[in-house]
Amino acid sequence: SRLLQEHGWEAHVTQSSSGQGCDILAEKSGKKLVVQCKRYGKPVGNKAVQEVIAARDFYKADYAAVITNTSYTKSAVALAKSAGVRLLHDTEIDQLKKLS
């Protein structure tokens, strides 16, 4: 959330038990962003994408993203593309400043 704040977002970490698939909820210029964060030693799969899609609906967010320190499976990439979810490496967080 700190990195998002550096890019102009008002961001906070959600409580893990009630995040509804959202680890970070952010807002900027009247637009909402939900983020699912995954720190893995293997590629991130569909489950993370499915969770952030559900979180986008639950929070009525405009944008959804999964951020990880690794890569994504082919099926996660396909699902994210069809659902309009951004898949980012943790070094690409600055791409979210372009939203809003």
Side-chain angles (χ1 to χ4, degrees):
S1 69
R2 179 185 52 79
L3 293 173
L4 288 172
Q5 291 170 0
E6 289 175 9
H7 293 293
W9 291 89
E10 291 182 29
H12 68 276
V13 176
T14 61
Q15 294 181 4
S16 60
S17 62
S18 62
Q20 299 293 339
C22 173
D23 294 322
I24 300 171
L25 183 58
E27 190 168 340
K28 179 179 177 182
S29 302
K31 301 288 185 173
K32 286 185 188 176
L33 166 69
V34 290
V35 180
Q36 176 74 232
C37 301
K38 295 295 181 189
R39 187 172 181 208
Y40 282 0
K42 60 182 181 178
V44 175
N46 273 4
K47 186 176 182 213
V49 179
Q50 293 166 345
E51 290 173 352
V52 83
I53 291 168
R56 180 179 59 195
D57 291 345
F58 181 81
Y59 289 103
K60 297 177 178 34
D62 302 285
Y63 309 110
V66 180
I67 300 174
T68 188
N69 61 317
T70 185
S71 60
Y72 297 91
T73 64
K74 288 181 182 180
S75 60
V77 170
L79 178 59
K81 184 176 181 181
S82 72
V85 172
R86 288 167 173 78
L87 300 181
L88 302 172
H89 188 270
D90 60 8
T91 61
E92 300 173 316
I93 291 174
D94 65 335
Q95 290 183 20
L96 296 175
K97 71 181 174 185
K98 299 173 190 172
L99 300 178
S100 74

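Side chain of Tyr72 to main chain of Val66: a donor-acceptor pair is present (N/O by atom type, distance under 3.5 Å, no hydrogens or angles). Here the side chain of Gln36 pairs no donor or acceptor atom with the backbone of Val49 at under 3.5 angstrom. The closest donor-acceptor contact from the side chain of Lys28 to the backbone of His7 lies under 3.5 Å.
Separating the CG atom in Leu96 from the CZ atom in Arg86 is a distance of 7.5 Å, to the nearest 0.5 Å. The distance from the CD1 atom of Ile67 to the CG atom of Leu3 is 8.5 Å, given to the nearest 0.5 Å. For the atom pair Lys38 NZ and Thr70 OG1, the distance stands at 13.0 Å (nearest 0.5 Å). Taking CG from Asn46 and NZ from Lys74, the interatomic distance works out to 14.0 Å, rounded to the nearest 0.5 Å. Taken from OG1 in Thr73 to NZ in Lys42, the straight-line distance is 10.5 Å, to the nearest 0.5 Å.
Residues satisfying the salt bridge (charged side-chain N to carboxylate O under 4.0 Å, His left out) test with Glu92, not counting sequence neighbours, are none. Not a single salt bridge (charged side-chain N to carboxylate O under 4.0 Å, His left out) links Lys32 to another residue, sequence neighbours left out.
Nearest heavy atoms, Ala61 versus Val34: CB-CG1, 3.9 Å. The shortest non-hydrogen separation linking Ile24 to Ser1 is CD1-N, 3.5 Å.
Put simply, the side chain of Leu87 does not reach to within 4.5 Å of the side chain of Val44, judged on heavy atoms. Counting only heavy atoms from C-beta outward, the side chains of Phe58 and Cys22 never approach each other to under 4.5 Å. Considering only heavy atoms from C-beta on, Trp9 stays 4.5 Å or farther from Val35 through its side chain.
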